[in-house]
Asker: 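Here it is, the structure, as structure tokens.
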Amino acid sequence: MSETVAPDAIERARELAADADRVIVKAGTNSLTDEDSNLDDEKLDKLVDDLADLLARDTEVILVSSGAIGAGKGRVDYTGETVEESQALSTVGQSHLMRRYTESFERYDRKVAQLLLTQHDLENTDRFTNFRNTIETLLEWGVVPIINENDAVATKEIRIGDNDMLSSSVAIGVDVDLLVTLTDVGGVYTGNPKRDPDAERIEAVGDNYDEVQAIIDESSSSTFGGIQTKVQGAREVSEHGIPAIIARSTEPDVLEQIATGKEVGTLFVPINGVTDE
Ligand code: GLU
């Protein structure tokens, strides 16, 4: 990459991320299920352990969790062929997910709440205000809000479609200080890390965004793990003055590392607002 982000801008963004009082964490289906599409207890507990590290620092935590359709497939032992079947699988998987989150957070004496959103809820001011008020109340109570798209009622035309965009909309709408997108790759790379051994992790994205976008357009395909939407979501958030990080969910103590200012994954530095001062 010819263009890189200035070291002091990276340093400042890393400090902002470490000092965040309110963090939204997005976990993808791969970070929660195994190869047979069963909810993976170890993965889920690891995610909750990481979130508990933030809670122990008095950081407010909002989780956006995928995995409803994925976990539903394992639970029903059927992959689903139609949209209706995927929607039905999501309802089986969602309740199973929430049961496991409830149990896992109980290890830390924490309660959880489920919020299922549709595109309408993001677009309609009254509905979004109600959503935001509910989140504020839950956070005041120390309850961890867990958000997913309401897949059962979201048909093709009105789907948000993926939780990367859902997370960035919520991150901006409820004024978080940091978005962390956890996935099965260690960040954004100069190629597809699953296929190309020479692909290198990009430490930070800011002024070099166009170049990063060009690399992704070139190297990505459907097997690239949906990196485009993760980058797009992180970019949108950073345009609102909020730092964002894309990191590997299996990285040990990944959120604790971020909270202590370590270099993890790919950091999107805020490109307006706070760091412009
Ligand atoms: N809402 C979908 C689910 O929970 C996931 C969407 C996504 O993976 O981004 O299965």
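Counting starts at 1 for both ligands and their atoms, in listed order. On a predicted model such as this, the values are computed, not experimentally measured, just so you know.
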Asker: Taking the hydrophobic residues Ile, Leu, Val, Met, Phe, Trp and Tyr, and joining any pair whose side-chain heavy atoms are under 4.5 Å apart, which ones share a cluster with Leu89?
Answerer: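 Under the 4.5 Å side-chain rule, Leu89 groups with Val76, Tyr78, Val92.
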
Asker: Is the backbone N or O of Leu139 less than 3.5 Å from a side-chain atom of Arg22, with the two atoms forming a donor-acceptor pair by type?
Answerer: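 Looks like no, no N/O pair under 3.5 Å.
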
Asker: According to the side-chain hydrogen bond (donor to acceptor under 3.5 Å, both in side chains) rule, which pairs have a member within residues 166-180, sequence neighbours left out?
Answerer: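 Listed by first then second residue: nothing to list.
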
Asker: Would you please say whether a donor-acceptor pair under 3.5 Å links the side chains of Thr129 and Asp126?
Answerer: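 Asp126 and Thr129 do not have a side-chain donor-acceptor pair below 3.5 Å.
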
Asker: Distances under 3.5 Å, N/O of ligand 1 against N/O of the protein: list each pair and its distance.
Answerer:
unit_1   : atom_1 : unit_2 : atom_2 : d
ligand 1 : 1 (N)  : Asn148 : OD1    : 2.9
ligand 1 : 1 (N)  : Asp151 : OD1    : 3.2
ligand 1 : 1 (N)  : Asp151 : OD2    : 2.8
ligand 1 : 4 (O)  : Gly67  : N      : 3.2
ligand 1 : 4 (O)  : Ala68  : N      : 3.0
ligand 1 : 4 (O)  : Asn148 : OD1    : 3.4
ligand 1 : 4 (O)  : Asn148 : ND2    : 2.8
ligand 1 : 8 (O)  : Ser66  : OG     : 3.4
ligand 1 : 9 (O)  : Asn163 : N      : 2.6
ligand 1 : 10 (O) : Ala68  : N      : 3.2
ligand 1 : 10 (O) : Ile69  : N      : 2.9

Asker: With salt bridge (charged side-chain N to carboxylate O under 4.0 Å, His left out) as the rule and sequence neighbours excluded, what pairs involving residues 162-172 come up?
Answerer: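 Applying salt bridge (charged side-chain N to carboxylate O under 4.0 Å, His left out) to every pair that reaches into residues 162-172, excluding sequence neighbours, yields Lys26-Asp164, Asp164-Lys230.
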
Asker: Within the 3.5 Å criterion, strictly below it, is a donor on Gln232 or Gln228 matched to an acceptor on the partner's side chain?
Answerer: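 Short answer, no.
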
